[in-house]
Participant: 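Dumping the structure here so I can ask a few things about it.
Bear in mind the structure is a predicted one, so any value in this text is a computation, not a measurement. Side-chain atoms are counted along with the backbone in the values below, which use heavy atoms only and exclude waters and symmetry mates.
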Amino acid sequence: MRASARSILGCALLCATLALPGADRAAAQIPDEFTNLQVLPKDIGKGELIGIMRDFAGALGQRCNFCHVGEDPNSLEGYDFASDDLEHKRVARVMMQMVNEINGTLLPKIGHEPEHKVSCITCHRGIKEPETLQDVLHEAIEEGGVAAAAERYRALREEYYGKGAYDFSGRSLTPIAEDFARKGDLDGAVAVLKITTEANPDEAFGHLMLGQVYAQKGDTEAAIASVQRALQAEPDNNWAKQMLERLKSN
């Protein structure tokens, strides 16, 4: 159980402060013995527990007060670590049990030792809610349309690009565009694809998808321009070459 403890996908945060100013005072607030441990070993050492909680904190980009009753995550003064009052802590136990089940029971059934086990970072990727970019933008579209999604995309990209929290590649918004196209809203599909082609101008895939949608709309000129832009990004793309030939022959 101890060997798998660091692989727990949870959000019960205790201490990410030991390398920060005031760390000695914060460490003094952490008890040497722990009560109300329901998933972690009841005899776990203080150092090991702090290490696990620091892993949780980093994986979720949060601090101790996300799951533990207390106000100042720097000093930890007055924290009630045993309290289950916060929902995040109660949910964390379920997540810990889920990951223990995945790593301890389900992964062994694949028939060989997996190279990697599930951990907090697997789903959370430095954010407290394990949402994909598609999840976030679907919600933005429901609330305020494609314009709201574009604004949200740019804000997320500004904050998280390069951190691995969200997939900002040229393919990431394709499923959303396809949803619009299936519903017959080709203008919506175009608007979504423009978000990603503007952000990823040198990735051919987004331009090709945009060309396909323009072709569906009957706008051959715009479709050709999009496919040509894809070929500028990837001159040897056979799909783009074939598409361009078909468009020009119509």
Side-chain angles (χ1 to χ4, degrees), residues 9 59-61 102 110 114-116 118 121-250:
L9 173 64
L60 276 71
I102 292 173
I110 65 177
E115 294 185 9
H116 304 286
V118 172
I121 200 70
T122 304
C123 293
H124 283 276
R125 309 174 314 279
I127 51 179
K128 65 181 180 179
E129 300 292 343
E131 297 177 311
T132 65
L133 183 62
Q134 294 174 29
D135 293 332
V136 176
L137 297 189
H138 270 303
E139 183 177 347
I141 289 170
E142 290 177 1
E143 293 177 353
V146 175
E151 182 178 353
R152 184 66 175 141
Y153 178 92
R154 295 186 187 104
L156 289 173
R157 189 180 174 92
E158 177 69 24
E159 182 176 0
Y160 290 106
Y161 185 79
K163 297 179 180 179
Y166 298 101
D167 177 9
F168 294 109
S169 71
R171 295 173 179 263
S172 63
L173 302 191
T174 301
I176 298 178
E178 289 174 342
D179 285 344
F180 275 102
R182 279 194 294 269
K183 295 173 183 176
D185 186 352
L186 297 180
D187 289 334
V190 166
V192 170
L193 288 169
K194 281 186 174 181
I195 297 172
T196 191
T197 53
E198 289 171 5
N200 303 281
D202 296 325
E203 290 190 34
F205 187 81
H207 295 293
L208 286 171
M209 294 301 296
L210 185 56
Q212 282 191 322
V213 176
Y214 276 133
Q216 286 182 267
K217 282 171 58 66
D219 190 341
T220 303
E221 183 178 349
I224 289 174
S226 290
V227 177
Q228 288 175 331
R229 184 64 187 85
L231 282 169
Q232 289 177 13
E234 195 175 317
D236 295 328
N237 190 303
N238 288 327
W239 178 22
K241 292 178 181 179
Q242 293 169 8
M243 189 185 303
L244 185 59
E245 185 177 339
R246 287 196 303 270
L247 288 168
K248 288 185 174 181
S249 66
N250 290 338

Participant: Work out which heavy atom in Ala148 is nearest to a heavy atom in Ala140; give both atom names and the distance.
Facilitator: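 Here Ala148 and Ala140 meet closest at CB-O, 3.7 Å.
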Participant: Quick check: closest heavy atoms across Tyr160 and Ala165, and the distance to 0.1 Å?
Facilitator: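 Scanning both residues, the minimum pair turns out to be CD2-CB, 3.7 Å.
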Participant: Between Val146 and Asp187, is there a side-chain heavy-atom distance shorter than 4.5 Å?
Facilitator: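 Result no, sub-4.5 Å side-chain heavy-atom pair not found.
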Participant: Check the angle between the aromatic planes of Tyr161 and Phe168 and answer parallel, tilted or perpendicular using the 30° and 60° thresholds.
Facilitator: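 Tilted, since the angle between the ring planes falls between 30° and 60°.
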Participant: Strictly by side-chain hydrogen bond (donor to acceptor under 3.5 Å, both in side chains), give each pair with a member in residues 220-239 just once, sequence neighbours left out.
Facilitator: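 Applying side-chain hydrogen bond (donor to acceptor under 3.5 Å, both in side chains) to every pair that reaches into residues 220-239, excluding sequence neighbours, yields Asp202-Arg229, Glu234-Asn237.
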Participant: Is His207 close to Leu231 at the side-chain level, that is, under 4.5 Å between some pair of heavy atoms?
Facilitator: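 Side-chain contact under 4.5 Å: no.
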Participant: Which heavy atom of Ala189 sits nearest a heavy atom of Ala177, and at what distance?
Facilitator: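 Shortest heavy-atom contact: CB-O, 3.4 Å.
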Participant: Looking only at non-hydrogen atoms, find the nearest pair between Ala233 and Ala204 and report the distance.
Facilitator: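 Between these two residues, the closest heavy atoms are CB-N, 4.1 Å.
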Participant: Rounded to the nearest 0.5 Å, how far apart are CG of Leu208 and CD of Glu203?
Facilitator: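 Interatomic distance, Leu208 CG to Glu203 CD, rounded to 0.5 Å: 11.5 Å.
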Participant: Counting only N and O atoms by type, is there a donor-acceptor contact under 3.5 Å from the side chain of Arg152 to the main-chain atoms of Val136?
Facilitator: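 No; zero donor-acceptor contacts below 3.5 Å.
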Participant: Do you know the tightest heavy-atom contact between Ala199 and Tyr153?
Facilitator: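 So the two residues come closest at CB-OH, 3.5 Å.
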Participant: Taking the side chain as every heavy atom from C-beta outward, state whether Gln212 and Met209 have any atom pair closer than 4.5 Å.
Facilitator: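 The answer is yes; the side chains approach within 4.5 Å.
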Participant: Measuring from atom NZ of Lys183 to atom CD of Glu178, what distance do you get when rounded to the nearest 0.5 angstrom?
Facilitator: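 Between atom NZ of Lys183 and atom CD of Glu178 there are 12.5 Å.
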Participant: Taking Asp219 for the side chain and Ala222 for the main chain, is one N or O donor matched with an acceptor at less than 3.5 Å?
Facilitator: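 Confirmed, Asp219 side chain pairs with Ala222 backbone.
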Participant: Quick check on Gln216: does its CD atom have over 12 non-hydrogen neighbours (other residues, nucleotides or ligands) under 6.0 Å away?
Facilitator: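 Above 12, so yes.
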Participant: Among Val213, Leu186, Val192, Leu193, whose side-chain contact (heavy atoms from CB on, under 4.5 Å) with Phe180 holds?
Facilitator: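 Among the candidates, only Val192 passes.
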Participant: Tell me whether the count of non-hydrogen atoms from other residues, nucleotides or ligands lying under 6.0 Å of NZ in Lys241 goes above 12.
Facilitator: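 Yes, because the 6.0 Å sphere around NZ of Lys241 holds more than 12 heavy atoms from other groups.
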Participant: Report yes if the side chains of Ile127 and Tyr166 come closer than 4.5 Å at any heavy-atom pair, otherwise no.
Facilitator: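 Answer yes - side chains close enough.
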Participant: I need the His138 NE2 to Glu142 CD distance, nearest 0.5 Å.
Facilitator: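 One finds 8.0 Å between NE2 of His138 and CD of Glu142.
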Participant: Starting at CD of Glu131, measure out to CG of Leu137 and round the result to the nearest 0.5 Å.
Facilitator: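 Glu131 atom CD to Leu137 atom CG measures 10.0 Å (nearest 0.5 Å).
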Participant: Working to the nearest 0.5 Å, report the span between CG of Asp185 and CG of Asp179.
Facilitator: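 It comes to 11.0 Å.
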Participant: Supply the atom-to-atom distance Leu133 CG to Leu156 CG, rounded to the nearest 0.5 angstrom.
Facilitator: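 Between atom CG of Leu133 and atom CG of Leu156 there are 6.5 Å.
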Participant: I'd like to know if the side chain of Arg125 and the backbone of Cys123 have a donor-acceptor N/O pair within less than 3.5 Å.
Facilitator: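 It does hold such a pair.
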